[in-house]
Amino acid sequence: MRVSRYFMPVLKEDPAEAEIVSHRLMLRTGMIQQAAAGIYNWLPLGFRVLRKVERICREEMERAGAIEILMPTIQPASWWKESGRYEAYGKEMLRIRDRHDREMLYGPTNEENVVDIFRRHVKSYRQLPLNLFHIQWKFRDEIRPRFGVMRGREFLMKDAYSFDYDYEGARRSYETMFVAYLRTFRRMGLVAIPMLAESGPIGGSMSHEFQILAATGESVVYYDAAFEELDLTGEEVDVARLTSLYAAVEERHDPARCPVPPERLKKARGIEVGHIFYFGTKYSAPMGATVMGPDGREVPVEMGSYGIGVSRLVGAIIEAHHDEKGIVWPESVAPFRVALIGLRLDDADCRRMAEELYERMCAAGLEVLYDDTDERPGAKFATMELIGIPWQVVVGPRGARQGTVELRRRRTGESAELSPESVLARLTA
RNA sequence: CGGGGCGUAGCGCAGUCUGGUAGCGCAUCUGCUUUGGGUGCAGAGGGUCGGCGGUUCGAAUCCGCCCGCCCCGACCA
C-alpha cells in the first residue's frame, strides 16, 4: 500500500477527549473515529488490526473444535422472555420495536439465540459434544462507556457456546476453551492470567476471567509466576495443573491464605479481555433444549459460554505494547508488517531503488506500507513510529550510493545496513 | 444514575469574569525553499462561537431550557 493512496488520517496532536494511552494512540493513528459515546468507526488501519485479532480468535476456536456460525445482531424478545432474562437484563439492553410493533432487541449476547438453533436440530446425545461460535457485534448500553474501544457500547465479540450431555463432558469442553484462550492471547503477544471469577448476569457455577498484563490496566492482579512460562505448544496440555495455578484480583486476594510462595507470587495490573462460564442447564431447561440419552431419558443439555472482547483486545494490545513514540505492534496483529520509507524520492536513484523494492516486497506477499510521499524524513519516521509497524526499511541517498538500505526494528531500534536482497530474504524467511 | 469538567475553523487552544460584531498554532491550497528525525518564507481559503429562547441599541460573552462529549464512582468482553 502506498501512503499517497491510503486513507490514514494521522493526528499531530493528542485529541482532547482521550485520556488513556490506547485511546489516544488509536485516535492519533487514525485507527478509529468516534460516532457517538462508546460507538466507533473503524478506519483502514484500525480495521486491519481488528481483522487480524479476529482471525487469531477464529483459528484457535477452530483448532479447539468449535464451529463457526453467524447469528444476527437483532433478536426477537420472545427468546429472552422464555429464558427469563428479558426483565432481568435491565437498561443495558437496547430494546427496539419494529414497524409491526413487535418487541426486538439488539443482542448483548447470544445464549438464547444459540439455544434456539440447538433445540430445533439436536435431539440425541450422539450429536454431542457441540461447540458453536460466532464473531459478531454486540450492543450493551453501558452506564458509562469510556476509554475508546476498551469499553464501547457497540463492540465486536467472539462468543462460543458448548453443548454436552453431562457434567463431565461440559467440564471437558470448559477446559478445552480454557486452553484455547491461553493460546489465543499468547499469539497476540499477551500474557493472559485466568482467574476464578464471579459469574455475574450470565449465571452459572464455574467461571474464569482472563486478564492480560499491562502497566495501565484497570485492576490489580496477583498470580503465580508460572503463568509467564506456560508451555502451550503441544497437543497435550496439563489442564488440571493450569486450572489449579493461583491467580486473583486484588479484592479477592488474601495474603494470609495465598498458596503461592512469596518468591513466585507476582503482582501486576490487568485488563479483562475474556470470560468463560459453565452454567449447566440455566438456559437449556427453561427453553426446552433437551437431548435423548443412551438410557432413553430426555435431559436438558449442559452448556457453557465463552467470550472474548475482540475490539477491546485491540485497545488492550496497545496498552501492553507501546512506548513514548507510539504503538509497538506484535507482528501477529500489526496492520502492516513492513514500513518502507523512501527518502529523497526526487532523486532518480533513490526513487528507482524504493520503487523496485516495493514491487518485490509486494510480489513476495509482504504486507508493506510504502511511504512514497515527499514529506520530510523526520515526519516520515515519526509517523511510522507512531503507527508502530514492526519493521522499517529506509531507502535514502546515504545507502543508495553503495546499494544498501537500512533495516530497523520498531521494538528495539536496532538497525543494519543491508542489500535489498538480504532485506527481502530476512523478511520473507 | 450521583459528582466534576468541556462544547469557538479539520485538530489543539485563547477570547467569556468586565457585552461593542472573532483570534493564535498546526493542518489545507498556491509559489519559492529545504530533504536521514515533525524545514523556512510569502500569499490564500475556511467559523450559524453546540441548539433554541430571553435580556440589551448591540451577545461567543449575561439569563433560562435543551442537546452532545469527557473524567471520577457503582457494573461489564
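In what follows, chains carry the letters A, B, and so on, assigned in the order in which the sequence lines appear, proteins first and then strands, with residues in each chain numbered from 1. Remember, it's a predicted structure, so these values are computed and weren't measured experimentally.
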How far does the [atom1] atom of [N] sit from the matching atom of [M], given to the nearest Å?
{"N": "G15(B)", "M": "G23(B)", "atom1": "P", "value": "16 Å"}
{"N": "C63(B)", "M": "C72(B)", "atom1": "C1'", "value": "30 Å"}
{"N": "C26(B)", "M": "A42(B)", "atom1": "P", "value": "12 Å"}
{"N": "C29(B)", "M": "A59(B)", "atom1": "P", "value": "37 Å"}
{"N": "C70(B)", "M": "G12(B)", "atom1": "P", "value": "13 Å"}
{"N": "C1(B)", "M": "G53(B)", "atom1": "P", "value": "27 Å"}
{"N": "G3(B)", "M": "U48(B)", "atom1": "P", "value": "35 Å"}
{"N": "C11(B)", "M": "G47(B)", "atom1": "C1'", "value": "14 Å"}

Check: D323(A) side chain, G326(A) main-chain N or O, donor-acceptor pair, under 3.5 Å:
yes
Under 3.5 Å, side chain of R119(A) to main-chain N/O of A289(A), donor-acceptor pair present?
no
Is the closest side-chain donor-acceptor distance between T281(A) and S284(A) under 3.5 Å?
no
Shortest non-hydrogen contact between R269(A) and V221(A), atoms and distance
C-CG2, 4.5 Å
[N] [atom2] sits how many Å from [X] [atom1], rounded?
{"X": "K12(A)", "N": "U39(B)", "atom1": "NZ", "atom2": "P", "result": "6 Å"}
{"X": "E218(A)", "N": "A74(B)", "atom1": "CD", "atom2": "P", "result": "10 Å"}
{"X": "R312(A)", "N": "C75(B)", "atom1": "CZ", "atom2": "P", "result": "15 Å"}
{"X": "Q34(A)", "N": "C69(B)", "atom1": "CD", "atom2": "P", "result": "7 Å"}
{"X": "Y161(A)", "N": "A77(B)", "atom1": "OH", "atom2": "P", "result": "12 Å"}
{"X": "F147(A)", "N": "A77(B)", "atom1": "CZ", "atom2": "C1'", "result": "15 Å"}
{"X": "I341(A)", "N": "G36(B)", "atom1": "CD1", "atom2": "P", "result": "14 Å"}
{"X": "L190(A)", "N": "A77(B)", "atom1": "CG", "atom2": "P", "result": "18 Å"}

Applying a 4.0 Å non-hydrogen cut-off, can you work out what [X] is touching in the nucleic acid: base, sugar-phosphate, or nothing?
{"X": "G396(A)", "answer": "base"}
{"X": "A37(A)", "answer": "sugar-phosphate"}
{"X": "P397(A)", "answer": "base"}
{"X": "G152(A)", "answer": "base"}
{"X": "R408(A)", "answer": "base"}
{"X": "V310(A)", "answer": "nothing"}
{"X": "A18(A)", "answer": "nothing"}

Testing R337(A), M384(A), E367(A) one by one against I389(A) for a side chain to side chain contact (heavy atoms under 4.5 Å, CB included), which residue passes?
M384(A)
Using Watson-Crick or G-U wobble geometry with both distances under 3.5 Å, which nucleotide pairs with [N]?
{"N": "U55(B)", "value": "none"}
{"N": "G38(B)", "value": "none"}
{"N": "A9(B)", "value": "none"}
{"N": "A74(B)", "value": "none"}
{"N": "A14(B)", "value": "none"}
{"N": "G46(B)", "value": "none"}

So, OP1 or OP2 of C75(B): does either fall under 4.0 Å of a side-chain N or O from R151(A)?
no
U39(B) phosphate, OP1 or OP2, under 4.0 Å from R376(A) side-chain N/O
yes
Does W391(A) form a side chain to side chain donor-acceptor pair (under 3.5 Å) with E331(A)? I'd like the steps, not just the answer.
CA-CA 9 Å; W391(A) 295 95; E331(A) 293 211 21; 2.7 Å; yes
In terms of the angle between their ring planes, are H253(A) and Y246(A) parallel, tilted or perpendicular, with boundaries placed at 30° and 60°?
tilted
Parallel, tilted or perpendicular, judged at 30° and 60°: which one describes the rings of F185(A) and F210(A)?
tilted
Side-chain atoms of R144(A) come closest, of C71(B), C76(B), U35(B), to C71(B)
Any idea which of U35(B), G38(B), G73(B) is nearest the R146(A) side chain?
G73(B)
Between E19(A) and E375(A), the residue closer to the 5' end of RNA chain B by nearest nucleotide is E375(A)
With RNA chain B as reference, determine whether P145(A) or V10(A) sits nearer its 5' end, using the nearest nucleotide of each.
V10(A)
Tell me which one of K91(A), R95(A), R153(A) satisfies salt bridge (charged side-chain N to carboxylate O under 4.0 Å, His left out) with D141(A).
R153(A)
Below 6.0 angstrom between ring centroids: does that apply to H208(A) and Y174(A)?
yes
If stacking means aromatic ring centre less than 5.5 angstrom from the base's six-membered ring centre, planes under 30°, is F155(A) stacked on A77(B)?
yes
Might you list the N or O atoms of the protein lying below 3.5 Å from N or O atoms in nucleotides 6-12 of chain B, with each pair's distance?
from   : atom 1 : to     : atom 2 : distance (Å)
G12(B) : OP1    : A16(A) : N      : 3.1

